[in-house]
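Let me begin by presenting the structure, written as structure tokens, before commenting on it.
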Amino acid sequence: MTETASRPTLEAVAARAGVSRATASRVVNGGDGVREPLVERVRQAVEELGYVPNQAARSLVTRRHDAVAVVIAEPETRVFADPFFGLQLRGISKELTAHDSQLVLLLTEGRDDHARVGRYLAGGHVDGALVFSLHLDDPLPELIHGAGVPTVFGGRPGWGDGTRDAAAPVYVDSDNRGGARAAVRHLVALGRTRVAHITGALDQTSAVDRLDGFRDVMADADPRLVVEGDFTPAGGERAMRELLERCPDVDAVFAANDLTASGALRVLRERGRRVPDDVAVIGFDDMLPVAEQTDPPLTTVRQDIEEMGRLMARLLLRDLDRRTAKESAVRGPSDVILPTTLVRRASA
């Protein structure tokens, strides 16, 4: 057996730096009113001794827990199967780590989980929340509002009357409608005349916006050329089969995301339809593990998913810093809409 080294104390830090315990505490816990030379001496002592601040004591000074809840309104089977969520979480994690904040992941499997998430947020365990993949009938926004925690949403909110007062949370999204227009215009420019759309889950605003973008270009399209999917490969397969039954002469498909497109490509290959010769296919997301490995490689609309996560975290942390500094928490509209670009590969 080996003897465990004793953990350095705040008193030891103060002694090493040659300051009082109160001064060392203010520096370590983020307080004000300490001259810069003393701050540097305390920081050096902390580094030399390997001192780890007591989080409870730090929270008493800063009113911060250095923890952020990331709430994904999807079951774990969906979250861990879809690379979209991994990319967004990676962006969030990088930004939080850079600011010495912890990520607390909360998933919702059903209505009971919504209540659990609401109770957790209201319990004061985290400084704020990042919430994405909401559905239109989701009770989470109301629960989060009731919890009173600063929040940034991923994706355009789809509830309420479209107005937003100064205290409401901001959101980060991509130009879903513009990206969809670019995809469909590209298919039309290729000479395709029977352009179809496999939507995402239409209880999510990203799917609605992409459908609107499709309709912006194909205003007079046959209604049978629009089939609802659910952002999954299985949904893409199911919708592609239905589409071929409805409209065997379809010559192009804009899919709501890359996973949907991958499912559609499998069905086209099974039915002997050549891509892009017989049917051109475009996806949305440009998730490289998917888009570059489909057969053929997928033309798609690129959105920077990881950067969306980074920006969500950055906006929330800025708001928390203002609150900690007791600055006005009121802010004007600061929603962020990231641009999208068409990435051409072999499928269209």
Side-chain angles (χ1 to χ4, degrees), residues 29-30 52-82 84-160 164-165 167-173 203-205 308-324 329:
N29 294 311
V52 178
N54 181 283
Q55 182 59 39
R58 180 179 174 86
S59 295
L60 288 173
V61 176
T62 64
R63 305 291 182 183
R64 296 272 289 269
H65 301 278
D66 293 332
V68 169
V70 176
V71 184
I72 307 178
E74 300 287 354
E76 63 180 33
T77 51
R78 171 83 191 279
V79 171
F80 295 117
D82 188 337
F84 176 93
F85 298 108
L87 289 168
Q88 196 152 30
L89 283 170
R90 184 162 68 184
I92 291 170
S93 179
K94 284 181 178 179
E95 191 68 20
L96 294 181
T97 298
H99 291 81
D100 202 23
S101 250
Q102 300 301 312
L103 184 159
V104 180
L105 181 61
L106 304 174
L107 307 179
T108 59
E109 193 79 32
R111 293 287 171 171
D112 290 343
D113 289 323
H114 291 135
R116 171 181 56 82
V117 168
R119 288 194 301 271
Y120 182 85
L121 295 177
H125 305 289
V126 294
D127 300 315
L130 302 171
V131 185
F132 56 94
S133 201
L134 285 170
H135 299 259
L136 294 181
D137 63 347
D138 206 310
L140 278 173
E142 184 177 350
L143 292 170
I144 292 166
H145 179 74
V149 294
T151 305
V152 172
F153 289 93
R156 178 177 64 83
W159 57 89
R164 185 165 58 81
D165 62 33
V170 298
Y171 68 90
V172 176
D173 203 357
D203 63 346
Q204 294 187 287
T205 57
M308 286 174 62
R310 276 186 176 274
L311 286 173
M312 287 175 65
R314 193 171 301 159
L315 287 173
L316 179 64
L317 291 170
R318 286 177 183 172
D319 186 30
L320 294 174
D321 287 343
R322 282 194 290 266
R323 292 167 186 264
T324 299

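Because only heavy atoms are used, hydrogens play no part in the values below, and waters and symmetry mates are left out as well, while side chains stay in.
With rounding to the nearest 0.5 Å, the separation of OG in Ser133 from CZ in Phe85 is 4.0 Å. Atom NE2 of residue His135 and atom CG of residue Asp203 lie 5.5 Å apart, to the nearest 0.5 angstrom. Rounding to the nearest 0.5 Å gives a distance of 11.0 Å between CG of Leu317 and CG of Asp100. Note: Glu95 CD to Ser101 OG = 10.0 Å, rounded to the nearest 0.5 Å. Atom-to-atom distance recorded for Leu96:CG and Asp127:CG is 10.0 Å, nearest 0.5 angstrom. The CD1 atom of Ile92 lies 12.0 Å from the CZ atom of Arg314; values are rounded to the nearest 0.5 Å.
Contact annotation: the side chain of Gln102 never approaches that of Val68 to less than 4.5 Å [non-hydrogen atoms, C-beta and beyond]. In this structure the side chain of Leu121 never reaches within 4.5 angstrom of the side chain of Thr151, judged on heavy atoms. Proximity of Asp138 to His114: side-chain heavy atoms (C-beta onward) are separated by under 4.5 Å at one or more points. Between Leu106 and Val70 the shortest side-chain heavy-atom distance does not fall below 4.5 Å. Side-chain contact between Leu134 and Pro157: absent, with no pair of heavy atoms (C-beta onward) separated by less than 4.5 Å.
Scanning all heavy atoms of the two residues, the minimum distance from Glu76 to Leu107 falls at CB-CD1, 3.6 Å. Contact detail for Ala147 and Gly118: the closest heavy-atom pair is CB-O, 4.3 Å. Taking all atoms of both residues into account, the shortest heavy-atom contact from Ala73 to Leu140 is CB-CD1, 3.9 Å. Across all their heavy atoms, Val149 and Ala129 have their closest contact at CG2-CB, 4.3 Å. Across all non-hydrogen atoms, the minimal contact from Phe132 to Gly154 is CB-O, 3.5 Å. Between Thr205 and Arg156, the shortest heavy-atom contact is OG1-O, 2.7 Å.
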Starting from the C-alpha separation in whole Å, work towards a yes-or-no answer on side-chain hydrogen bond (donor to acceptor under 3.5 Å, both in side chains) for Thr108 and Glu74.
-> CA-CA 5 Å; Thr108 59; Glu74 300 287 354; over 6 Å; no
Evaluate the criterion side chain to side chain contact (heavy atoms under 4.5 Å, CB included) for residue pair Leu315 and Val172; output intermediate values, then yes/no.
-> CA-CA 9 Å; Leu315 287 173; Val172 176; 3.7 Å; yes
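Comment: Arg318 does not engage Asp321 in a salt bridge, judged by the lack of any side-chain N to carboxylate O separation of less than 4.0 angstrom.
Using modelled atom types, no side-chain atom of Ser93 and backbone atom of Leu89 make a donor-acceptor pair closer than 3.5 Å.
Under the 30°/60° scheme for interplanar angles, the aromatic rings of His125 and Tyr120 are found to lie parallel.
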